[in-house]
Amino acid sequence: MSAKITSYETAEIRGPKLAFNLTPENCGRMLMRSKRLLVVVGGDALKMKVADGVDVPEVAARLARNLGGTIVASPGVFKAFQSVSDVKLINMGLEDAVNRLKDESWKGFDGMGAYDMAVFIGGLYYFQSMMLSTLKHFAPNQKTISLDRFYHPNATFSLENLTPDKWKAGLDAMLQLLEAKK
Amino acid sequence: MSAKITSYETAEIRGPKLAFNLTPENCGRMLMRSKRLLVVVGGDALKMKVADGVDVPEVAARLARNLGGTIVASPGVFKAFQSVSDVKLINMGLEDAVNRLKDESWKGFDGMGAYDMAVFIGGLYYFQSMMLSTLKHFAPNQKTISLDRFYHPNATFSLENLTPDKWKAGLDAMLQLLEAKK
Amino acid sequence: MATKISIKELDSQFAKIRGLDLVIGKVVEAGEEWSEPVGPTPYPDITALRGWDQRILARYPPFYSPLSDFCEFCTYGKCDLTAGKQGACGIDMEAHQGKWSLLTCVMGAACHATHAHHIVEYLIKKYGEDHPIDVGSEVDIEAPLIRLIAGIKPKKLGDLKEVLTYLDNQVTQLTSATATGQEQSPIDYESKALHAGMLDNLALEVADIAQVSALGLPKGNSDTPLVEIGMGAIDKSKPVILCVGHNVAPGSEVINYLEDKGTYGSVEVAGICCTAHDLTRYSKNAKIVGPISRQLMFVRSGIADILIIDQECVRADVVDEARSVGTRVIATSDQICAGLPDLTDKTPDEIVKALLTDTPAVLVRNPAKVGEVAARAAIEAAPQRKSEKGLKDEQVLANTSRCTLCRECTENCPINLDIGYAVNAAKKSNLEPLQKIFQECIGCGRCDEACPQSIPVLSTINAASTAKIKEEKFTIRVGRGPIRDTEIRNVGRPIVMGEIPGVIAFVGCSNYPGGNEDLAKMADEFAKRRYIVVTSGCAASDLARYRDENGQTLYEKYPGDFDAGCIVNTGSCVSNAHPIGAVIKIASIFAKRNLRGNFEEISDYILNRIGAVAIAWGSQHQKAMAIATGANRLGVPVILGPQGVKHRRAYLGRSEDNEKWMVLNARDGKKVYGGPAPEHLLYVAETIEETMVMAARLVMRPNDTPKGRMIKLSNYINLHKQLYGTMPDDVQRFVRAETDLPVTMKDDVIPVLKERGWKPIEIPDPTLLDRMVLRRE
Amino acid sequence: MATKISIKELDSQFAKIRGLDLVIGKVVEAGEEWSEPVGPTPYPDITALRGWDQRILARYPPFYSPLSDFCEFCTYGKCDLTAGKQGACGIDMEAHQGKWSLLTCVMGAACHATHAHHIVEYLIKKYGEDHPIDVGSEVDIEAPLIRLIAGIKPKKLGDLKEVLTYLDNQVTQLTSATATGQEQSPIDYESKALHAGMLDNLALEVADIAQVSALGLPKGNSDTPLVEIGMGAIDKSKPVILCVGHNVAPGSEVINYLEDKGTYGSVEVAGICCTAHDLTRYSKNAKIVGPISRQLMFVRSGIADILIIDQECVRADVVDEARSVGTRVIATSDQICAGLPDLTDKTPDEIVKALLTDTPAVLVRNPAKVGEVAARAAIEAAPQRKSEKGLKDEQVLANTSRCTLCRECTENCPINLDIGYAVNAAKKSNLEPLQKIFQECIGCGRCDEACPQSIPVLSTINAASTAKIKEEKFTIRVGRGPIRDTEIRNVGRPIVMGEIPGVIAFVGCSNYPGGNEDLAKMADEFAKRRYIVVTSGCAASDLARYRDENGQTLYEKYPGDFDAGCIVNTGSCVSNAHPIGAVIKIASIFAKRNLRGNFEEISDYILNRIGAVAIAWGSQHQKAMAIATGANRLGVPVILGPQGVKHRRAYLGRSEDNEKWMVLNARDGKKVYGGPAPEHLLYVAETIEETMVMAARLVMRPNDTPKGRMIKLSNYINLHKQLYGTMPDDVQRFVRAETDLPVTMKDDVIPVLKERGWKPIEIPDPTLLDRMVLRRE
Ligand code: SF4
Ligand code: SF4
Ligand code: SF4
Ligand code: SF4
Ligand code: SF4
Ligand code: SF4
Ligand code: SF4
Ligand code: SF4
């Protein structure tokens, strides 16, 4: 058994409740079931374009656009959405957003009801991991899915650790699936 | 991913260095390579006959006999070996024995050199787990193998969690393999 | 008595003073000055005894069993420390385990220091600073640990304050050393852990001699009364007040109030954990429900009308559990405010009203007020109590139909009881497995949490065992506090000479596998073999919960003297100061060693000469580890039961390593072989059989006389044969000369000795301290 | 001055006294009595401020991020606490995280309390109990925290002792509360954590005012000298003595010795971490190597001849690392004995000889002796030093050939630097990626531990960056200690009125991602915007390690006044007492509030009126969390950088929850909306952009005047637009009336307000305390 399956950072040992690994395609299928989607874009999103060749804000925007989701992002990253006009955008830091998500009585940024799925993408690995930990422990009913390149054991669903190429290709396949089925 | 693969007790989350799962047969093959074997029989050994139908002292004796190993056991359990005369037997508690095993310069109970493999069987799960933890961390070169019914992540090699029947059958198969190849 | 100088107003050229009271606490009374010279280490700082620690740790190096592979102490982490990797702060697994060891002991010492503060402050407020320390007419050495460590001889409550100040300072320094970037060597972590242990022991004594002196608890008499203990011993027809924790103040005030009003007879005052012991020491009409393993079970029964929680060993879910069965709760300590509204400043009327109406759980930080409020509220609330609130047994057992035999419960059980199987059996109306579990269960409730079917597993165990619970009605001898100097005078010589094979203390918490029977069997065995058996805390309670084949509890079977073949219950955890104090007193009274600030010499004496061993078959709490570690520094070995492995650290000797067993012979300064005696300082045993053999081995000391060694060896060989079925592998290491051998065993042993190349050695006058050598050749 | 009554011998009827010295420390000098009335909470015990804590925690409840799913604190465990499961002691994850929060803060507070003890005791020994507290002629309120919390006005070193006794007692009680079976409610754990934080702050002040008073450190002057900082600033041609840790005593004694002998000029005395700051405060010829991120790098360089370690923030591997490059080590503190032989009682000659021959690492617990020994040994050892001991750069870089690009190093890096890629690039002689890593690396060495090919990764980073290391040579303004009362008088009104948009303190450890440039850019931005910028500790060091486009360091660019558009370095971590003290002094000097024992009122004032925010972009250590938590209790919000999430706890408000933002209007007692100001008490930000916007938001206070709010809003909107690209979503919550709006922004903002249904509100005289209401209607 390799520890690599269960986490990215070596000491990030988690359990007993570990995220289900999903393929990008299955992530797409899972997301299509969502009726109220929140896309949480982390502070590392812009760097990923340089490092891994994935344009995270674009992925987030396509996701939100196709599934009627809301995007929340903090400064810097938020700026990348300036040209996006057909998606609901919230400017807020991750911890602030997660503090709301963990409140079961919260009715969402628009007051219309709880989000049935929160997608996390573009986060600093250890920071994202802790935000997912908060939700796992204190909002066990809040479903979360990590689309980041590294496995996040604290999410409800997560991609496995992937190479940049596989990640990029997987996200593409997922988005195409979404866009095709629409 | 099920947490059940990685441990028996729910909170027994370990890593990143986890025992390789072996089938009983592969355990047998692994053991046959040993030149200096120590069989460490834990304090729960006698109870297992009642609970799981496995006569641990007998398994230990057959192992040691066939592979020229030494058996170490603490009181109560040790008594079960009274009729065994063709195997080297040491009476000693587990912690005392592991304290020696963790010393890389130790020459074994007979002064003939280090044991190249230590088999653990019949231990109280949490106690055994801690003894294996001691060796994993402080004697990383000491190979250990757990033949108990439950997966021991801190061993070098371990059986998976098994039902009593599968455990019994597996140990039988392993011993037959050993005895046949002899 | 202290001298008090009062200055109402002073307006001199130099200074202006108003309302200044100077109480000169350390004034020595005329004619009674303590003539004992001060040794080298009064009030030792955190490195003063490092040399001693290094000496014992060289022989008994720490043995670590990490519970986890990583460290999460600072934000550099988590760091993977597997197999030698260093964390971001540079620490490795060994040092990290040393840090845990220190942290564990510091938490324990902090608990006892804080507890001592609370009780001493309460007593001073009530009885005054000048209230004399008096622990009994037959106890001259009133405070062996304080004399030894602090180097003072406390005469009144107020004298204890400087000891408390010392404790605070040392605990703070040690806490500081657990932070990231502080201590780095495992041996120095352990030296600090040993210091924490010593402080812990000191705090125990401060707390217990204060309450013995001021509250009139038994002062070392052997024949304290037998009182009732057990879940079945509580008279449900009366209003029931349950006290949980460690501080006797609020509970004793309940009794005071009831006695004042003449209603004590009609109200049941019972306790769990150490408060329980101290309540029975305060009043023999108080009852003990049981040790900590009964806390959740009993609270859930809803029998208590009022639950008073004070501090330490209080379950974190107890307020919710109590409220869910309609029991009112009064929290009483700064240490556990439990999120409750603070009604300390309200009148008793207001508090009683609040408790009975809209505020069923409150915080009241004034023991006397708690006494009144609890008594009145219990009497008012009792009629409302539906006896055994909550569900009926059948209703509870009906839940078992949902069991899928997933065994999550078993996998969550700290001692892996096969509870899943038992619940499943109950489904088919077979309650026997559940009843068997009841005997072994430590009542932690983790199974409840685990069950995906929301079966209240622990309640199910209880519901299946109603008959057994009713039968849980035993007797326990009230904790007697100190060991009398007169007793020490009687047994000092036989212990040091070995004629009494040893002192075995059964201490610690009730989190053992195998249930309390295992514990009782061990105690019975050693008492039968005429060891001196001592006990305290949850172990003392659990010992009571067993009847032998004649239906007797051990307390009925054995007398309560500090003597061979007796069983002494000293009382609550803080009373552990007394067995520890007793070994110190042996050195002082029998061997006439100076105590005052003379820690190393006394520890050296104990380690080499006094065959005392403690067995903490359960040791759940950090305090248990702290107490054990304190005993270790004094030279008393401790054996922990298997759960104790999760304290992560043992101190193990290696019997074959002859170099380690060399001692100095005080007679001539020569290094000579003393044998592996005692072989370990802290050993974790897996089974009771192992524990018993180990205890018989660990009472041996280099200084044993031939007669003493003969008796110890005879027990050791005998137990070994009984439990291993063979002669010990190491018998040759304990025979110095043929005169050490029991006559009846000679034929058996001598051939073995020959086979193993044994040679006789001389019996030294053993010491580890250079300065104890009398004369060099 | 104290009055001392000496009794040589008294032999009265009642008592016999010998050699008794009574020093009456609290005697108030004639004519100088402190007339300020004592408030409700002098020396508050651990529940005295629980009411205040409950008030702030109701608005800013704890937000927990568990680092691990289980608890391993006692032997019942490990317990799985996932998603609401309770452990065997009944605790759930929320309370368990509260316990961690308390434990973290207690460790921090214990460090500072112990540090304060050590320095005060050292100074008293050297300068006497009566040495006056004097922190500068322009500083009348010498000890705002001591006055506020303890309720005393310390006049001399000896007066600090009772504060230390109080600290010890409270820390011990809080440590006790972290044990199993103690506190159970998350809110009460946090109340205790806040108490620990407050104690921590108090300890900081004790330590720093003592050393400022007795060692002649700068007393609040703005124009302290610029001194050299950086790995490249150390003159390798001289003997080099490196001091690591927090206690200036041994290092200052080195300087004393060298000055006495007239050899200071020819020996380099340099420091890392806080000792470094205090050495430069002691002597401007001392140098700072850098913050903690430079510790391993520099020690490994072998440039130091002697390494002196004292206490706190000392890497656990530093002794081994030093020895492996031939650097001699002197450990100096009880807190870190490091397993070394204790040579304290030897003569300097003997110690020097030991160091230079067979005992290259020793423990010497006497600062003066360390001073002499270190100086002499360094001078003797320097000629033996092969400059940059160890391997040559090329040799180190040759190791990269073994790299398999397995990326274990990256996965072990706390900030996930892509070090594997960089090592692999170096294999192909491309050193650029390694040099880039060097800028961001926090020097923790975890990559070294991870590499299966045993490549010394950190050394590789350094070897690739030799040129950059040489360039690491900057200037830092010497820590100036207190903020002067005169400055407070100048800025008090503009701060409270809001004309100075806020005080921003950059504090904490150097474990941030993004390197020190990120930190410097933030400080630059706020200084440019005319906030008052304050800094200390590793953050202050890291701010220096950056040059702007003109080649200036921030300390060269901005003046050192406590005023708008300036950057004040107060000094080491203990000097954090001064910015905290400054906000207290604003309440006292500007608003004329009583300080003495008046914690709640002052905190209420600060929370509602003083726009101060701390940014701990790095916060590795427990102390950082303790300091932050202490600031929080006083009403000062803190923002942590992303690694701070691993402290596990934030205190978050919810801006949309209007009920939470109600304050009492002191003018009429009515509850009115005060806006989410400040929105959070402890927030963990992921990026610097988020941090800057958040800081600009968190300086807002309900009490801001229209002009003040206008300036704050203008900065907030401006930064938001700059960094988010949009108008803030919450701007309407901060506009009370149109007069709050910056004129230039009106056109932009008013349509937004209309769209969002904004209505004007009155500006209250805000308080959270009932008793502060002046008059009820
Ligand atoms: S204390 Fe050390 S080992 Fe533990 S998390 Fe922090 S850096 Fe890592
Ligand atoms: S309550 Fe009893 S059965 Fe349940 S987990 Fe605890 S010990 Fe096991
Ligand atoms: S966890 Fe519940 S369902 Fe599973 S075996 Fe235990 S009692 Fe049955
Ligand atoms: S013996 Fe253990 S469980 Fe019992 S009261 Fe003492 S510390 Fe608590
Ligand atoms: S402290 Fe509580 S949760 Fe933690 S290990 Fe012990 S019983 Fe389990
Ligand atoms: S030393 Fe630098 S590169 Fe290596 S793990 Fe630490 S931060 Fe990452
Ligand atoms: S761990 Fe070692 S081998 Fe692996 S990528 Fe890093 S430097 Fe290369
Ligand atoms: S700022 Fe942090 S790392 Fe630096 S010396 Fe202070 S506590 Fe240590």
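All of these numbers come straight from a predicted model, not from anything done at the bench. Letters A, B, ... mirror the listed sequences (proteins, then strands); counts begin at 1.
Contacts with chain B were tallied for C/Glu656, C/Arg654, C/Met93; C/Arg654 has the most, counting heavy-atom pairs under 4.5 Å. Per-residue heavy-atom pair counts under 4.5 Å with chain B were compared for C/Asp418, C/Leu81, C/Leu719, C/Leu723, and the maximum is reached by C/Leu723. Contact count against chain B (heavy-atom pairs under 4.5 Å) is highest for C/Asp729 among C/Thr687, C/Val645, C/Ile415, C/Asp729. For the set B/Met92, B/Lys102, B/Gln82, B/Arg100, the entry with the most heavy-atom pairs within less than 4.5 Å of chain C is B/Arg100.
For chain C, the nearby parts of B/Glu95 are the backbone and the side chain; heavy atoms of each come within less than 4.5 Å. Residue contact with chain B, scored on non-hydrogen atoms closer than 4.5 Å, is absent for C/Met692. For B/Asp103, the part sitting under 4.5 Å from any heavy atom of chain C is the side chain, from C-beta outward, and nothing else. Of the two parts of C/Tyr683, the backbone and the side chain both hold a non-hydrogen atom closer than 4.5 Å to a non-hydrogen atom of chain B. Residue B/Val77 does not touch chain C at all, counting heavy-atom pairs closer than 4.5 Å. In this structure, the portion of C/Pro414 lying under 4.5 Å from any heavy atom of chain B is its backbone and not its side chain. Contact of C/Gln722 with chain B is made through the backbone alone, with heavy-atom distances under 4.5 Å. Neither the backbone nor the side chain of B/Ala80 comes within contact range of chain C, judged by heavy atoms closer than 4.5 Å. Both the backbone and the side chain of C/Lys646 come within contact range of chain B, with heavy atoms under 4.5 Å apart. With a threshold of 4.5 angstrom between heavy atoms, B/Leu135 does not approach chain C through any atom at all.
Note on B/Lys79 versus C/Glu689: no salt bridge recorded, every NZ/NE/NH1/NH2 to OD/OE distance being 4.0 Å or above.
Note: B/Asp96 CG to C/Phe63 CZ = 9.0 Å, rounded to the nearest 0.5 Å. Between the CG atom of B/Asn99 and the NE2 atom of C/His680 there is a distance of 7.5 Å, given to the nearest 0.5 Å. With rounding to the nearest 0.5 Å, the separation of OH in B/Tyr125 from OG1 in C/Thr410 is 14.0 Å. Interatomic distance, C/Gln97 CD to B/Ser133 OG, rounded to the nearest 0.5 Å: 7.0 Å. Separating the CG atom in C/Asp657 from the CH2 atom in B/Trp106 is a distance of 13.0 Å, to the nearest 0.5 Å.
Looking at C/Glu686, its side chain does come within 3.5 Å of a backbone N or O of B/Gly43 through a donor-acceptor pair.
In this structure, C/Tyr724 and B/Phe78 have perpendicular ring planes: the angle between them is above 60°, well past the 30° mark.
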Report all side-chain donor-acceptor pairs from residues 22-31 of chain B shorter than 3.5 Å, counting only partners two or more places apart or in another chain.
residue	atom	partner	partner atom	Å
B/Thr23	OG1	B/Asn26	N	3.0
B/Thr23	OG1	B/Asn26	ND2	3.4
B/Asn26	OD1	B/Arg29	NH1	2.7

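Under the 4.5 Å side-chain criterion, counting only non-hydrogen atoms from C-beta, B/Lys17 is not in contact with C/Asp80. Within the 4.5 Å cutoff, the side chain of C/Pro642 has heavy atoms near those of the B/Tyr126 side chain.
Here the closest heavy-atom approach between residue B/His137 and residue C/Ser68 is recorded as NE2-O, 4.4 Å. The minimum heavy-atom distance between C/Asp69 and B/Pro16, with the atom names listed, is OD2-N, 4.2 Å.
A donor atom on one side chain and an acceptor atom on the other are found under 3.5 Å apart for B/Thr134 and C/Ser65.
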